[in-house]
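Structure first, then comments.
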Amino acid sequence: QQQQQQQEEEQQLAAPERQAEPQTMQVLPDMETLLFVDVDGVLNVAVRDPGCDPAVFSDENLKLARKMVGQGNPLADRISAVADRSMVAFQEEGNCERFVSDLGDLCDLLVGRLAR
């Protein structure tokens with residue numbers, strides 16, 4: 001009888017998927033999840049400035065660029081042109097001005113989309 005019991009135990013160890021123990025659900029406490037996201041170049045928008053660092057596509061830079069359009073400043077013309085570019089080709093309404101950042105260099109619209 002001991003040999004039979006030992007053989008049964010060995011068979012159970014060799015094939016645990018055959019065991020038909022009831023599974024219980026464990027209730028976990030509420031928890032928060034912290035998600036780190038590298039947003040550089042994704043949620044911040046900049047305008048290329050050949051030979052220099054890209055210019056942040058911010059509300060402040062756009063206002064300044066609008067004042068300087070047509071005065072021989074290629075970056076001001078480029079920033080203004082980017083802001084005026086239509087989003088229709090991307091199945092969106094309006095123009096790229098929607099993507100300017102208010103404070104810092106992150107676009108609130110894109111941050112909101114990521115958060116959804």
Side-chain angles (χ1 to χ4, degrees):
Q1 212 175 26
Q2 277 185 332
Q3 277 185 335
Q4 186 180 6
Q5 188 178 8
Q6 188 177 5
Q7 286 175 348
E8 287 175 6
E9 287 175 5
E10 287 174 2
Q11 286 176 351
Q12 286 179 347
L13 289 175
E17 67 275 356
R18 290 190 204 166
Q19 296 177 2
E21 293 179 18
Q23 301 231 349
T24 58
M25 298 279 295
Q26 182 181 6
V27 178
L28 298 175
D30 289 340
M31 64 177 69
E32 293 183 26
T33 301
L34 182 60
L35 177 66
F36 290 96
V37 180
D38 179 6
V39 297
D40 188 38
V42 177
L43 303 181
N44 58 347
V45 182
V47 177
R48 187 171 47 99
D49 186 12
C52 299
D53 289 337
V56 174
F57 192 54
S58 66
D59 189 47
E60 183 179 334
N61 283 347
L62 180 57
K63 286 178 185 174
L64 183 60
R66 296 275 196 215
K67 290 178 184 177
M68 298 175 70
V69 166
Q71 297 179 12
N73 185 315
L75 181 58
D77 294 340
R78 189 175 296 111
I79 291 172
S80 184
V82 168
D84 293 339
R85 187 166 294 144
S86 172
M87 293 297 297
V88 173
F90 303 101
Q91 289 80 37
E92 297 218 19
E93 295 179 17
N95 56 28
C96 291
E97 187 172 348
R98 298 172 42 205
F99 298 104
V100 298
S101 59
D102 291 325
L103 300 171
D105 63 350
L106 294 180
C107 170
D108 291 339
L109 178 63
L110 296 177
V111 170
R113 288 180 181 185
L114 174 67
R116 275 192 266 151

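The environment of R98 atom CZ is dense: over 12 non-hydrogen atoms of other residues, nucleotides or ligands sit within 6.0 angstrom.
Note that the CG atom of L64 and the OG atom of S58 stand 9.0 Å from one another [nearest 0.5 Å]. For the atom pair CZ of R85 and OG of S80, the computed distance is 11.0 Å after rounding to the nearest 0.5 Å. Between C96 atom SG and D84 atom CG the span is 9.0 Å, to the nearest 0.5 Å.
Judged by distance alone, the side chain of D77 and the main-chain N or O of G70 form a donor-acceptor pair under 3.5 Å. Listed for the N73 side chain is a donor-acceptor partner under 3.5 Å among the backbone atoms of A76. Looking at N61, its side chain does come within 3.5 Å of a backbone N or O of V56 through a donor-acceptor pair. Looking at R78, its side chain does come within 3.5 Å of a backbone N or O of R48 through a donor-acceptor pair.
L75 and V45 fall within a single hydrophobic cluster, where Ile, Leu, Val, Met, Phe, Trp and Tyr are joined by side-chain heavy atoms under 4.5 Å apart, directly or via other members.
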